[in-house]
Each structure stands twice: as structure tokens, then as C-alpha cells.
Number of protein chains: 2
Amino acid sequence: MAIKVFIVDDHYMVIEGIRSLLQNEKNIEWAGHAMNAGSCLAFLQKQLPDVILMDINMPEKNGIDLCKEVKAKYPAVFIIGLSTFNQQSFIEKMMENGASGYVLKNASKEEILEALQTVVKGKTYLSFDAIKTMKSKSEANLILTRREKEVLELIAEGMINSEIATKLFVSVTTVDTHRKNLLAKLNARNVAELIKLAFYHQLIAVNH
Amino acid sequence: MAIKVFIVDDHYMVIEGIRSLLQNEKNIEWAGHAMNAGSCLAFLQKQLPDVILMDINMPEKNGIDLCKEVKAKYPAVFIIGLSTFNQQSFIEKMMENGASGYVLKNASKEEILEALQTVVKGKTYLSFDAIKTMKSKSEANLILTRREKEVLELIAEGMINSEIATKLFVSVTTVDTHRKNLLAKLNARNVAELIKLAFYHQLIAVNH
DNA sequence: TAATTCCTCCCCTTTTTACATGATTTTTTA
DNA sequence: TAAAAAATCATGTAAAAAGGGGAGGAATTA
């Protein structure tokens with residue numbers, strides 16, 4: 001039985017590239033593609049593929065949120081995150097939101113095929129580079145807690161403590177504590193350096 | 001006479017996508033591909049294509065520098081910048097370094113063909129979105145002065161205004177003024193967002 | 001030359017952060 | 001289950017940044 005593969009990516013070339021790669025594979029069936037979250041959801045109402053290859057960087061709704069939504073509505077569908085960015089935070093979030101795998105866009109045909117075949121069995125597939133990234137980060141003494149990561153991102157968004165407190169439904173002093181811990185953990189003198197180091201350690205990304 | 005097209009991109013899927021798109025075009029000849037700057041330069045020593053589609057975001061050497069180098073060695077080759085990022089600074093730098101065009105990765109087959117046919121005539125091709133970006137004022141006023149760049153970098157280093165003032169031999173109020181102008185120019189609410197946006201606009205780099 | 005931009009400096013007020021210090025409750029892990 | 005880690009909240013002070021003005025001289029450009 002062929003694996004029905006659907007792809008969501010806002011880049012036409014990537015869609016075309018994957019289609020071309022999988023074209024002559026006999027155990028792969030091309031289910032179709034979408035170039036944004038909306039048309040992906042519309043497609044799924046009519047037809048369910050086995051696996052969705054999902055770009056995590058898209059305008060409007062990003063792949064991380066879309067992944068969560070799709071998984072909530074259609075738990076049987078396996079999702080593989082697709083990205084240019086080999087960043088721990090992205091990989092983690094994608095997996096947290098129910099993805100079964102993560103593949104970089106510079107992956108070879110073999111890697112993609114292996115990923116597809118692995119996830120339909122209910123297993124997890126992380127591309128070699130993704131695993132390396134995950135390990136290198138956990139080895140480094142820079143393990144931020146869930147809350148710290150949340151606060152860090154909101155700080156980078158330009159939010160002040162009171163706004164973050166409101167957003168997270170906690171006290172301002174709590175946010176202040178997280179902020180202090182962030183400064184200490186990253187060994188930063190102030191927010192400016194904190195954000196710079198966060199980029200350096202790939203804790204936040206340039207997705208605007 | 002068919003146009004010989006070569007592509008440099010570190011993403012296998014993009015290479016495959018473009019090849020697939022151009023496969024059956026009779027006036028297009030596939031010259032080959034490279035996945036990094038080094039093998040691109042190696043290829044060019046043996047064979048010269050008419051047009052190079054060049055990704056601007058690559059590890060090691062980026063497309064902007066590679067463009068300059070290739071154009072210096074082989075002025076006859078036309079280069080089209082290829083990118084996910086629709087950013088004024090990128091487009092500008094690419095054109096300054098001798099590129100003949102700029103196409104976004106979500107471009108259609110028709111757009112790519114038009115770009116190829118335009119540049120071999122010696123003309124310039126910018127994709128619709130790229131033109132729009134160049135014209136938009138929001139990014140246009142992102143030209144920082146010499147002093148502003150200096151101050152921005154020192155802020156990112158974690159230095160406070162008084163330290164920056166000492167380092168630059170100016171008054172603290174002067175540094176403060178530059179800081180205010182930076183916030184205004186980048187439309188940031190505070191330093192945190194300023195640094196994030198500085199990364200986004202490639203005004204500072206991750207060199208620790 | 002006139003206009004514009006850049007760099008420099010100053011005033012003031014309010015807001016926000018940074019730092020110290022301590023503590024309770026919940027959750028995770030060994 | 002006991003220990004460790006994480007998340008929560010607090011009080012207080014000092015430092016720094018943000019935001020609002022204005023203004024003069026130098027350099028560059030039209």
C-alpha cells in the first residue's frame with residue numbers, strides 16, 4: 001500500500017522539488033499540496049493523506065501552530081516538520097505539537113523516503129543534523145525551562161514585564177524572576193546582550 | 001540557442017524543484033548545480049553557463065559575497081539572486097554586487113522563465129514582490145548612519161550608555177540621542193526588540 | 001549658496017529594569 | 001516517597017532606559 005503524501009509549503013520550488021523527488025517512487029502516492037495553512041485545512045476536510053510534510057516557516061499561520069491544529073482534528077495523520085532552520089527551539093516545538101519527525105530542506109531523497117517510511121509506522125524520525133542540534137544544545141549548560149523560553153520570546157517581541165505578566169496570567173514579580181534567571185543563565189549584563197546571546201545560542205529565531 | 005542555467009543552493013529540494021520546473025523547456029539547458037560556494041567556483045573553471053541562479057543564504061560563504069567574486073572573475077555570466085527573504089537590504093546588496101535579477105523562492109515557473117529570458121538580454125529582472133519591497137518606505141528609512149551602527153553594536157555587546165559614551169569619547173546624552181534614533185528608525189519599543197530587529201535586518205551578526 | 005543630514009549636547013519626567021533577598025507551592029525526577 | 005527543580009509571589013532600592021522637548025555646529029549634497 002502506497003503512502004499518501006501531502007505537502008504544505010509556501011515555496012513553489014520546494015513543492016515542485018519534493019514532487020519531483022517522489023515522482024517515480026512506487027510506494028509513494030502524491031496526495032497534493034497547499035501553499036498556506038488555510039488551503040491545507042480545506043484539503044484535509046475532503047481527503048486525508050497518511051503523512052503531511054509541513055514547512056514550519058510560512059506567512060500568516062506558521063507550521064508549528066498548524067501542526068497542533070491538524071493533529072487535534074486528525075490525530076491519525078502523521079506530520080513531518082520541514083525547515084531550512086536547524087534550530088533546537090523549532091524542532092522541539094514541532095515535536096511537542098504532535099509532529100512525528102523533522103527533516104531539513106537540504107535532505108536527500110533517501111532521507112525523505114526514510115522519514116516517510118519511519119513515521120507511518122508510528123515511529124519518530126529526526127534528520128541527522130536535527131539530532132546533532134538537539135544533542136549539542138542539551139550538552140551545553142544552557143537549558144532553559146519552558147517558562148523561561150516563553151518569557152525570553154516575549155521579551156524579544158518588545159514586551160515589558162507588565163505586559164508579559166498579563167499575557168501569561170502571572171504576577172509581574174514572577175516575570176521579573178524569570179528575567180533575572182535568564183540573565184544569569186546566559187551570563188548577560190542586560191536585555192540587549194541577552195537577546196544577542198539568545199540568537200547566538202539559537203534560542204530565538206529571525207522569523208519576524 | 002538554449003540558455004544554459006546553473007544553480008547554486010544548499011537546499012537539495014530547491015535544486016530539484018527548479019530542475020523539475022525547467023526540465024521540459026526547450027530553450028533552457030540545464031548546466032548543473034552546486035550546493036556551496038566552493039563547488040560553484042570549481043564548476044565555473046571548467047564550464048561557463050549563461051545564467052546562475054544563486055541562493056543568497058548559504059552556510060560558509062553567502063550568495064552576496066559569492067556573487068561579487070563570480071562577477072569579478074566572469075563578468076559575462078548573468079546572476080539572478082534567489083531567496084526566501086524579501087528584504088530590501090539583501091536585494092540591494094545583491095544588485096550592487098553585480099546581480100542582474102532577484103527572484104523569490106515562491107516564484108512561479110513563468111516568473112523564473114521570464115527572469116532568465118530577461119537577464120540574458122542584459123536587462124534587469126526583479127520579481128514583483130521584490131519591486132514592491134524596494135519601493136516600500138518602511139524599509140527605506142532603515143539606513144543607519146556610521147555612528148548609529150557603532151552605537152547599535154556596542155548596545156548589543158551589553159554596554160550601557162555611560163560605557164558607550166566613554167568608549168566613543170562623547171557625552172552620555174549623545175549616546176542617548178543615537179539610541180532614541182535607533183529605536184525610531186527600527187520602530188522598536190525597547191532594546192530587546194531593537195536587537196531582535198537588528199538581527200532581522202542583518203545590521204548585526206552572531207559573532208559573539 | 002541653500003538645504004539637508006549628521007553629530008553633538010542639554011534639560012526634564014516617567015517608566016522599566018537590575019539587583020538583593022527571601023519564601024511558598026507545584027511539578028518533576030531520582 | 002523523598003529530594004530536586006521549577007514556578008510562583010513579595011518588598012525594597014538603585015540604576016538605566018524611554019520619551020518629550022530643543023538647539024548649535026559640521027559636513028554633505030542639491
Side-chain angles (χ1 to χ4, degrees), chain A residues 88-89 92-93 95-96 134 137-198 201 203-204, chain B residues 88 92 137-199 201 203-204:
Chain A
Q88 190 220 22
S89 58
E92 266 179 2
K93 278 184 198 150
M95 303 309 280
E96 275 168 20
M134 293 286 275
K137 294 303 151 186
S138 53
E139 277 168 22
N141 201 14
L142 254 178
I143 310 146
L144 300 187
T145 66
R146 194 197 88 248
R147 222 34 167 180
E148 283 163 357
K149 283 179 201 162
E150 282 176 13
V151 171
L152 175 60
E153 287 201 359
L154 297 176
I155 290 173
E157 292 289 312
M159 291 174 81
I160 60 170
N161 288 346
S162 59
E163 291 170 332
I164 297 171
T166 306
K167 172 131 189 170
L168 298 181
F169 303 106
V170 294
S171 152
V172 183
T173 60
T174 303
V175 179
D176 189 53
T177 305
H178 288 311
R179 194 187 202 106
K180 280 180 227 166
N181 292 335
L182 282 167
L183 289 172
K185 280 193 179 179
L186 293 196
N187 195 27
R189 300 167 61 189
N190 51 40
V191 214
E193 200 179 9
L194 175 70
I195 302 298
K196 192 199 72 170
L197 291 172
H201 292 293
L203 296 167
I204 49 178
Chain B
Q88 191 222 19
E92 263 180 3
K137 279 186 294 179
S138 55
E139 290 214 35
N141 57 8
L142 249 180
I143 306 147
L144 301 188
T145 66
R146 193 198 89 250
R147 218 42 166 173
E148 282 164 357
K149 282 178 199 162
E150 280 175 13
V151 172
L152 175 60
E153 286 198 4
L154 297 177
I155 290 173
E157 293 289 313
M159 291 173 82
I160 61 170
N161 288 347
S162 59
E163 290 171 334
I164 297 172
T166 305
K167 172 130 190 172
L168 299 180
F169 302 105
V170 294
S171 152
V172 182
T173 59
T174 303
V175 179
D176 191 55
T177 304
H178 288 311
R179 192 188 203 102
K180 283 178 205 169
N181 291 336
L182 282 166
L183 289 172
K185 280 192 178 179
L186 293 193
N187 195 29
R189 300 167 62 190
N190 50 40
V191 213
E193 199 178 11
L194 175 71
I195 302 298
K196 192 199 70 169
L197 291 171
F199 270 102
H201 289 111
L203 297 167
I204 48 178

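Within every chain, numbering begins at 1; the chains are lettered A, B, ... in the order of the sequence lines, protein sequences first and strands thereafter.
- For the pair Arg189(B) and Glu163(A), the minimum side-chain heavy-atom distance is below 4.5 Å.
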Return the polar atom pairs (N/O with N/O) between nucleotides 21-27 of chain C and the protein under 3.5 Å, or none.
from: dT21(C); atom 1: O4; to: Lys180(A); atom 2: NZ; distance (Å): 3.4

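- Going from atom NZ of Lys180(A) over to atom OG1 of Thr173(A) covers 8.5 Å, rounded to the nearest 0.5 Å.
- Between the CD1 atom of Ile204(A) and the CG atom of Leu152(A) there is a distance of 5.0 Å, given to the nearest 0.5 Å.
- Counting only heavy atoms from C-beta outward, the side chains of Thr145(A) and Asn181(A) never approach each other to under 4.5 Å.
- None of Leu182(B), Thr177(B), Leu203(B) except one satisfies the side-chain contact (heavy atoms from CB on, under 4.5 Å) rule with Glu148(B); the exception is Leu182(B).
- Interatomic distance, Glu153(B) CD to Met159(B) CE, rounded to the nearest 0.5 Å: 12.0 Å.
- Counting to the nearest Å, the C1' atom of dA18(C) and the NE2 atom of His178(A) are 17 Å from each other.
- Side-chain contact between Leu168(A) and Val151(A) is present, with at least one heavy-atom pair separated by less than 4.5 Å.
- Residues Val191(B) and Arg179(B) meet the side-chain proximity criterion, which asks for heavy atoms closer than 4.5 Å.
- Taken residue by residue, residues 145-152 of chain B places heavy atoms nearer than 4.0 Å to DNA chain C at Thr145(B), Arg146(B), Arg147(B).
- Considering all non-hydrogen atoms of both residues, Leu197(A) and Leu186(A) come closest at CD1-O, 3.1 Å.
- Look at CZ on Arg179(B): it is 12 Å from P on dT17(C), rounded to the nearest Å.
- The side-chain contact (heavy atoms from CB on, under 4.5 Å) check on Asn187(B) picks up nothing, with sequence neighbours excluded.
- As rounded to whole Å, 10 Å separates atom C1' of dT17(C) from atom CG of Asn190(B).
- Scanning DNA chain D 5' to 3' for nucleotides with an atom closer than 4.0 angstrom to a non-hydrogen atom of chain A gives a first and last hit of dA6(D) to dT11(D).
- Contact check, Thr174(B) against dC7(C): no side-chain N or O comes under 4.0 Å of OP1 or OP2.
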Exercise. Hey, mind stepping through Asn190(A) and Glu193(A) against side-chain contact (heavy atoms from CB on, under 4.5 Å) and telling me if it holds?
Worked result: CA-CA 6 Å; Asn190(A) 51 40; Glu193(A) 200 179 9; 3.9 Å; yes
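- End-to-end axis angle for the helix from dT1(C)-dA30(D) to dA30(C)-dT1(D), using five pairs per end and rounding to 10°, comes out at 70°.
- A side-chain contact (heavy atoms from CB on, under 4.5 Å) with Asn161(A) holds for exactly one of Val172(A), Thr166(A), Thr174(A); it is Val172(A).
- Residues of residues 160-172 of chain A that place a heavy atom closer than 4.0 Å to DNA chain C, in numerical order, are Ile160(A), Asn161(A).
- Here the C1' atom of nucleotide dC6(C) and the CG atom of Asn181(B) are 10 Å apart, to the nearest Å.
- Salt bridge present: Glu150(A) and Arg147(A) bring a charged side-chain N and a carboxylate O closer than 4.0 Å.
- Side-chain contact between Leu194(A) and Ile195(B): absent, with no pair of heavy atoms (C-beta onward) separated by less than 4.5 Å.
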